[in-house]
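Let me begin by presenting the structure, written as structure tokens, before commenting on it.
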There are 2 protein chains.
Amino acid sequence: MTEEVVQYLRNNREALLNRLYDFLSIPSISTDSEYKEDVKKGAEFVADYLNEIGFEQVEIIETERHPLVYAEWMKAENAPTALFYGHYDVQPADPYEEWVSEPFQPEVRDGRIYARGSSDDKGQVFMHLSVFEAYMNTVGELPVNIKVCIEGEEEIGSENLTKILKNNKEKFAADFSVISDSGMVESGQPTITYGLKGFTGLEFTLKGPSSDLHSGMYGGAVRNPAMAMAHLLTTLKNEEEVVMVDGFYDGVEELTDEERKLIKEVPGEDFKASTGITDTTPEKGFTAKEHTMTRPTLEINGLYSGYQGEGTKTIIPSTATAKITCRLVPGQDPDRIQDLIVEHLNHHVPNGVTIDITREPLSAKAYKVDPNHPLVQKAGDSLTKAFGKETVYVRMGGSIPVVELLDQLYKKPVVLLGFGTPEDGLHSPNESFPLESFDKGMETIVYYWDSVTK
Amino acid sequence: MTEEVVQYLRNNREALLNRLYDFLSIPSISTDSEYKEDVKKGAEFVADYLNEIGFEQVEIIETERHPLVYAEWMKAENAPTALFYGHYDVQPADPYEEWVSEPFQPEVRDGRIYARGSSDDKGQVFMHLSVFEAYMNTVGELPVNIKVCIEGEEEIGSENLTKILKNNKEKFAADFSVISDSGMVESGQPTITYGLKGFTGLEFTLKGPSSDLHSGMYGGAVRNPAMAMAHLLTTLKNEEEVVMVDGFYDGVEELTDEERKLIKEVPGEDFKASTGITDTTPEKGFTAKEHTMTRPTLEINGLYSGYQGEGTKTIIPSTATAKITCRLVPGQDPDRIQDLIVEHLNHHVPNGVTIDITREPLSAKAYKVDPNHPLVQKAGDSLTKAFGKETVYVRMGGSIPVVELLDQLYKKPVVLLGFGTPEDGLHSPNESFPLESFDKGMETIVYYWDSVTK
């Protein structure tokens with residue numbers, strides 16, 4: 001039975017890929033209101049496909065911004081119900097000039113599909129839909145009950161999804177969730193992500209003089225907000241990459257020797273090759289992999305003050321601004337961490353300047369599922385079978401807010417079955433997705449649905 | 001005789017002001033090549049006026065960029081020769097939208113002439129030309145020999161003036177120089193500036209990963225260039241405003257108790273009212289006035305890294321850049337200071353990032369003239385007579401590169417007879433100049449030329 005489904009996918013590969021290219025050709029950029037109609041087309045594409053497959057109650061749920069597509073197929077008696085989540089919206093294509101081929105005209109080069117959304121997340125969503133199609137057109141039914149939830153606002157914070165899930169908890173309820181919006185530790189290395197980091201952020205501006213001043217006339221009298229910012233920032237994290245905010249590490253689990261050993265064994269790049277850096281600089285006492293996977297971080301995402309043009313402008317800038325975000329681990333509450341940082345900043349702001357803090361409203365708690373849970377182990381086994389290589393189980397530094405939301409609402413496992421690779425260039429120019437991941441990924445999904453009923 | 005000249009200025013005030021408004025209406029912005037023809041018109045205005053007054057050998061000396069106007073009147077037998085320097089170019093008018101009236105359509109409001117260049121330096125240059133006119137149209141001659149040098153590149157570094165002066169040393173030689181391109185410590189308080197600071201600068205970029213990275217996937221492995229920049233910047237200057245670069249203060253003269261007393265007595269604002277700051281923050285052990293007037297400074301003029309748009313972008317920036325300049329005092333060599341900072345930066349750059357330093361090619365040594373020199377004292381006395389208030393002698397934090405050049409080339413006194421006020425808004429929107437300074441300033445100049453022959 002399983003082989004029949006897999007064979008269908010092989011036989012129809014070209015037609016499926018062509019349909020995927022149609023999906024990828026829709027510039028469903030959620031952040032830019034100019035693309036509102038295109039985002040809508042993205043939702044319609046998904047809904048049409050779900051209808052064609054034979055899903056029931058296919059709905060395009062309108063929201064204040066972009067629609068969400070819901071559908072279900074609930075005819076598998078005595079079988080569990082899975083919620084499949086994904087998103088059909090994409091990041092903007094800028095810097096546009098850096099794309100080798102058009103971002104919304106998919107092109108295959110060297111075994112990769114180049115297009116915005118090919119990996120994040122249209123490509124991976126499409127693979128699931130194709131597997132549903134394959135089941136229905138061969139076996140005539142799905143092995144499990146499925147609820148499908150594909151949103152159009154993931155790249156802008158999932159605000160409306162959050163509201164809808166909270167207000168319709170029963171409608172979306174399932175025994176477990178499956179999400180393919182993550183990646184593998186290296187190309188061809190099957191990977192199950194069993195933990196994600198949480199997230200909080202804020203922006204702050206130091207205000208000095210009411211306008212930029214002549215550095216000769218006022219230098220020596222006036223605190224320079226840019227230098228004050230440098231001093232303030234260094235109180236947040238020292239050169240050993242240890243966050244100095246009081247209470248920041250409270251509740252963070254100690255890394256066990258066993259975990260350290262497991263992390264050490266995870267294959268994958270050493271960070272230097274793919275980033276061009278000279279040295280990795282993890283937190284004191286941890287390796288780079290240990291830090292990215294299991295330790296919280298505090299990063300400056302943006303910093304600006306004064307003159308940025310060519311040459312020299314001898315001013316004391318009026319203000320300096322920094323944007324920071326933290327990635328959090330289990331045991332850390334994002335709101336509490338934000339409070340601690342606000343308190344720290346207010347306490348450490350140098351005299352001669354004042355501080356203005358804006359809290360980032362979006363946040364997420366960290367997520368961790370037991371890697372030994374049967375539904376997680378079955379996902380790993382399916383990967384191993386399809387890719388012909390032992391699956392590794394890792395925690396990742398990224399955050400997927402919906403995962404934490406599902407965990408909080410339903411207390412049921414969320415299985416992260418990601419097929420992306422480190423070379424995909426998510427959110428960057430020339431985003432791509434390997435054809436190998438497309439083929440073996442769909443096979444994995446077939447094996448997985450098949451295995452969860454056993 | 002003096003009274004006759006002063007009377008001429010009073011009688012012809014309206015005609016002179018109208019002519020000044022014509023001068024101020026020329027947008028002679030030297031930095032922007034779109035205004036090249038207007039800068040030329042500025043030079044022609046000056047040359048025409050000098051010809052009309054009766055100067056000889058009036059020349060518009062072409063350079064690689066903007067012309068310089070030269071003229072002389074050498075018929076005062078047994079009298080000294082003065083070089084009068086000024087500049088007819090101006091700063092750009094942006095941010096244009098902040099101007100209350102058009103920057104190049106002079107308007108008088110509340111006793112001030114509002115126009116770009118009204119104070120810096122067209123207004124002050126014009127006052128000198130009007131005084132020459134008044135002498136010629138009353139007495140029929142000037143009391144001293146005068147060489148006039150009015151350049152069009154002061155706002156962009158006086159590069160061609162420097163070349164011309166060095167190649168034509170004899171032509172521009174004089175017994176002393178007079179410059180009116182500075183200001184008074186407060187409005188109505190006659191001030192002689194007997195010292196200026198020197199200047200050096202550089203820009204440096206810290207380079208981390210070859211492109212912006214996902215802060216979740218790489219946070220904890222990769223040194224964040226923005227945070228590395230904060231750490232590096234704090235090694236340059238501590239929170240007590242002491243520069244930490246080895247050797248920075250070598251050769252700087254100790255401030256004597258007498259100087260401290262003199263500085264304390266200098267009237268003028270406390271820096272808070274005009275800047276809106278909550279506290280002054282001078283170097284440890286010095287007052288704000290002592291620091292601005294006599295101590296070297298190191299200031300960040302610009303700082304930037306990563307994302308500057310609205311909201312959050314969870315990246316580790318690829319680079320971070322800072323622009324810094326120092327104001328130097330006697331005893332500090334700008335080239336040596338630049339070397340020391342370069343050495344310091346290379347030594348302190350955190351691991352995981354590399355540094356790329358660009359040295360600012362322009363620099364200037366500090367300048368100090370003996371405030372008791374008779375030619376300086378006569379300038380002070382003339383101010384006192386015209387403004388009806390005792391003149392104060394101060395050192396200023398600003399830099400005028402040509403002053404150092406004249407000092408170095410000729411070793412003769414440079415008298416800084418400035419009529420600007422702290423409210424003039426040099427280089428800012430709504431630049432203005434008080435009519436009081438225009439009237440009393442011209443009177444001062446008459447008294448001064450008259451006194452130097454006695």
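Here is the naming used below: chain letters follow the sequence lines, and residue numbers restart at 1 for every chain. What you see is a predicted model, and the numbers here were worked out from it, not measured in a lab.
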Original post:
Which answer fits A:Phe199, side chain, backbone, both or neither, if we ask what part of it has an atom under 4.5 Å from a heavy atom of chain B?
Top reply: side chain
Subject >> Pairing residues for A:His214 by the ring-ring contact (aromatic ring centres under 6.0 Å, His included) criterion, not counting sequence neighbours >> reply: none
Subject >> Under 3.5 Å donor-acceptor, A:His231 side chain and B:Lys237 backbone >> reply: yes
Original post:
For the side chain of B:Arg223 and the backbone of A:Pro282, is there at least one donor-acceptor N/O pair under 3.5 Å apart?
Top reply: no
Original post:
chain B: which of A:Asn224, A:Leu426, A:Thr287, A:Leu236 shares the most heavy-atom pairs with it under 4.5 Å?
Top reply: A:Asn224
Subject >> Contact origin within B:Leu202 toward chain A - heavy atom pairs under 4.5 Å >> reply: neither
Original post:
Heavy-atom distance under 4.5 Å to chain B: side chain of A:Thr297, backbone, both or neither?
Top reply: side chain
Subject >> Set of side chain to side chain donor-acceptor pair (under 3.5 Å) partners for B:Thr281, sequence neighbours left out >> reply: none
Original post:
Do you know which of B:Gly397, B:Ser274, B:Ser318, B:Pro350 has the most heavy-atom pairs under 4.5 Å to chain A?
Top reply: B:Gly397
Subject >> Minimum heavy-atom distance between A:Met227 and B:Leu233, given as atom pair plus value >> reply: CE-O, 3.5 Å
Original post:
Hey, which of A:Glu239, A:Glu360, A:Glu241, A:Glu283 has the most heavy atom pairs under 4.5 Å with chain B?
Top reply: A:Glu239
Subject >> Heavy-atom closest pair, residues B:Gly219 and A:Glu299 >> reply: CA-OE2, 3.5 Å
Original post:
Between atom CD1 of B:Ile277 and atom CG of A:Leu213, what is the distance when rounded to the nearest 0.5 Å?
Top reply: 8.0 Å
**OP:** Output yes when a side-chain donor or acceptor of A:Thr280 lies under 3.5 Å from a complementary backbone atom of B:Ala221, and no otherwise.
**Re:** no
**OP:** Identify, with sequence neighbours excluded, every residue that meets salt bridge (Lys or Arg N to Asp or Glu O under 4.0 Å) alongside A:Asp424.
**Re:** A:Arg112
Subject >> Proximity of residues 308-317 of chain B to chain A, residues having a non-hydrogen atom under 4.5 angstrom >> reply: B:Gln308, B:Gly309, B:Glu310, B:Gly311, B:Thr312, B:Lys313, B:Thr314, B:Ile315, B:Ile316, B:Pro317
Original post:
Given that the side chain runs from C-beta out, which part of B:Ile300 has a heavy atom under 4.5 Å from chain A: side chain, backbone, both or neither?
Top reply: both
Original post:
Under 6.0 Å from the CD atom of B:Glu159, do we count more than 12 heavy atoms belonging to anything else shown?
Top reply: no
Original post:
Does any non-hydrogen side-chain atom of A:Thr292 lie less than 4.5 Å from one of B:Tyr218?
Top reply: no
**OP:** Mind ranking B:Ser210, B:Gly306, B:Gly157 by heavy-atom pairs under 4.5 Å with chain A and telling me who comes out on top?
**Re:** B:Ser210
Original post:
Does A:Thr354 reach the side chain of B:Thr278, with side-chain heavy atoms less than 4.5 Å apart?
Top reply: yes
Subject >> Engaged part of A:Glu203 at the chain B interface, taking heavy atoms whose separation is under 4.5 Å >> reply: side chain
Original post:
Do B:Thr325 and A:Ser215 come close enough that some side-chain heavy atom pair is under 4.5 Å?
Top reply: yes
Original post:
Pick from B:Ile324, B:Leu232, B:Asn238, B:Thr358: which one has the most heavy-atom pairs with chain A under 4.5 Å?
Top reply: B:Asn238
Subject >> Interface residue of largest heavy-atom contact number with chain A, from B:Ser305, B:Pro296, B:Gly276, B:Ala322, under 4.5 Å >> reply: B:Ser305
